[in-house]
Amino acid sequence: MRRIILNSKSWSVLFMLLLLGNNISAAEPNDETLRILADDVRGSIDGGAFVSGNVELTRGSMSLQADTMSLQVEEGSVKGIEAKGTPVRLQLTLDDGEKQEEIRAEASTVIFGVAENQIEFEGNARVESEEISITGDKIRLDVDENQFEAESVDPDKQVEVILRNIEVEANPTNE
């Protein structure tokens, strides 16, 4: 198993937006409405739901598309989401007032753990933005620790991390 663990401050904004509902998107800055479109929805308002068939969950500029999705709901709040698909696709536009950035991710399974402040991408996982691209069998993003972790289960595949637009400073010489 190959594993890479890195810190990344820009990822904490994504996690907070997705998991805690802090919406800084330019598309719909005050939209806290969670919308689910699907062929079939079964569940209850305060107990969760199982959603299947052409599932699309949207909130502000976030869009999550999957074949099936399970939502854990307690006291009117979403506590967790597990989405499965071929693949599950996540798209999000972040706007911090100075710059807009589009985040795209896909995997066979995406699990949002609200209480843990984590999101996991499993199975042919890829998370990318203009600045970074991460590919591996499993990618875990941790909000509280401000870290991401990527691993490859297949010994013939490696995790790939591509950092774009990174300035590299030469070591100063003591002359």
Side-chain angles (χ1 to χ4, degrees), residues 1-35 56-66 81-114 116-175:
M1 175 187 327
R2 300 166 195 244
R3 179 177 292 183
I4 292 178
I5 302 172
L6 298 170
N7 289 327
S8 175
K9 290 188 178 199
S10 63
W11 290 106
S12 67
V13 175
L14 169 64
F15 307 141
M16 296 299 278
L17 177 65
L18 291 174
L19 300 176
L20 304 179
N22 297 332
N23 196 331
I24 59 171
S25 161
E28 298 176 50
N30 296 316
D31 189 358
E32 294 189 21
T33 302
L34 182 68
R35 181 177 185 184
E56 184 172 355
L57 179 144
T58 57
R59 180 166 190 250
S61 71
M62 181 190 76
S63 172
L64 181 65
Q65 299 172 334
I81 298 172
E82 181 173 348
K84 295 185 178 199
T86 53
V88 175
R89 289 191 171 91
L90 171 70
Q91 186 170 337
L92 174 69
T93 302
L94 298 177
D95 185 346
D96 65 5
E98 296 177 21
K99 174 181 161 184
Q100 281 192 2
E101 183 173 14
E102 186 173 308
I103 308 292
R104 293 169 310 284
E106 64 179 44
S108 298
T109 303
V110 176
I111 301 169
F112 292 87
V114 177
E116 301 84 19
N117 285 343
Q118 291 185 352
I119 181 171
E120 292 185 12
F121 300 89
E122 297 178 1
N124 296 318
R126 173 183 293 274
V127 178
E128 62 184 317
S129 71
E130 182 179 311
E131 296 176 355
I132 189 168
S133 177
I134 309 165
T135 305
D137 290 326
K138 187 174 189 177
I139 301 169
R140 180 180 299 112
L141 309 174
D142 188 310
V143 177
D144 293 335
E145 297 299 322
N146 195 24
Q147 294 182 344
F148 67 89
E149 180 178 313
E151 64 184 75
S152 177
V153 180
D154 184 345
D156 295 330
K157 290 174 59 177
Q158 291 184 300
V159 170
E160 180 180 49
V161 177
I162 299 171
L163 303 172
R164 299 178 193 89
N165 304 321
I166 301 297
E167 292 183 29
V168 178
E169 294 183 25
N171 290 332
T173 60
N174 294 329
E175 291 182 31

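The basis for the numbers below is simple: all heavy atoms, side chains too, and nothing from hydrogens, waters or symmetry mates. Predicted model only: the values in this text are computed from it and were never measured.
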Just verifying a value: how many Å separate [X] [atom1] and [Y] [atom2], rounded to the nearest 0.5 Å?
| X | Y | atom1 | atom2 | result |
| --- | --- | --- | --- | --- |
| Q158 | T135 | CD | OG1 | 12.0 Å |
| I103 | E131 | CD1 | CD | 8.0 Å |
| E149 | L141 | CD | CG | 10.0 Å |
| E102 | S129 | CD | OG | 10.0 Å |
| M62 | L34 | CE | CG | 6.5 Å |

Chi angles and distances behind the side chain to side chain contact (heavy atoms under 4.5 Å, CB included) call for F112, L64: CA-CA 11 Å; F112 292 87; L64 181 65; 3.7 Å; yes
Residues F148, V127; criterion side chain to side chain contact (heavy atoms under 4.5 Å, CB included); working and verdict: CA-CA 11 Å; F148 67 89; V127 178; over 6 Å; no
Testing the basics here: between [X] and [Y], what is the closest heavy-atom pair and its distance to 0.1 Å?
| X | Y | result |
| --- | --- | --- |
| V159 | S152 | CG2-N, 3.5 Å |
| V153 | D137 | N-OD2, 2.5 Å |
| L57 | I81 | CD1-CD1, 4.1 Å |
| A83 | A66 | CB-CB, 3.8 Å |

R164 and E130: CA distance, side-chain angles, deciding distance, side chain to side chain contact (heavy atoms under 4.5 Å, CB included) verdict: CA-CA 7 Å; R164 299 178 193 89; E130 182 179 311; 5.9 Å; no
S108: side chain to side chain contact (heavy atoms under 4.5 Å, CB included) partners, not counting sequence neighbours: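 So S108 forms no side chain to side chain contact (heavy atoms under 4.5 Å, CB included) with any residue.
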Backbone N/O of E122 and side chain of T109: donor-acceptor pair under 3.5 Å: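 No: the side chain of T109 does not pair with the backbone of E122.
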S133 (side chain) donor-acceptor with I162 (main chain) under 3.5 angstrom: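 Not a single qualifying donor-acceptor pair exists.
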Evaluation steps, side chain to side chain contact (heavy atoms under 4.5 Å, CB included), between N124 and K157: CA-CA 11 Å; N124 296 318; K157 290 174 59 177; 3.5 Å; yes
Candidates E56, Q91, R89 - the one meeting side-chain hydrogen bond (donor to acceptor under 3.5 Å, both in side chains) with S63: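 Only one of E56, Q91, R89 forms a side-chain hydrogen bond (donor to acceptor under 3.5 Å, both in side chains) with S63, namely E56.
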NZ/NE/NH1/NH2 to OD/OE distance under 4.0 Å, E151 and K138: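 So E151 does not pair with K138 through a salt bridge.
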Side-chain ion pair, K84 and E82, N-O less than 4.0 Å: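 Here K84 pairs with E82 in a salt bridge, since their nearest N and O are under 4.0 Å apart.
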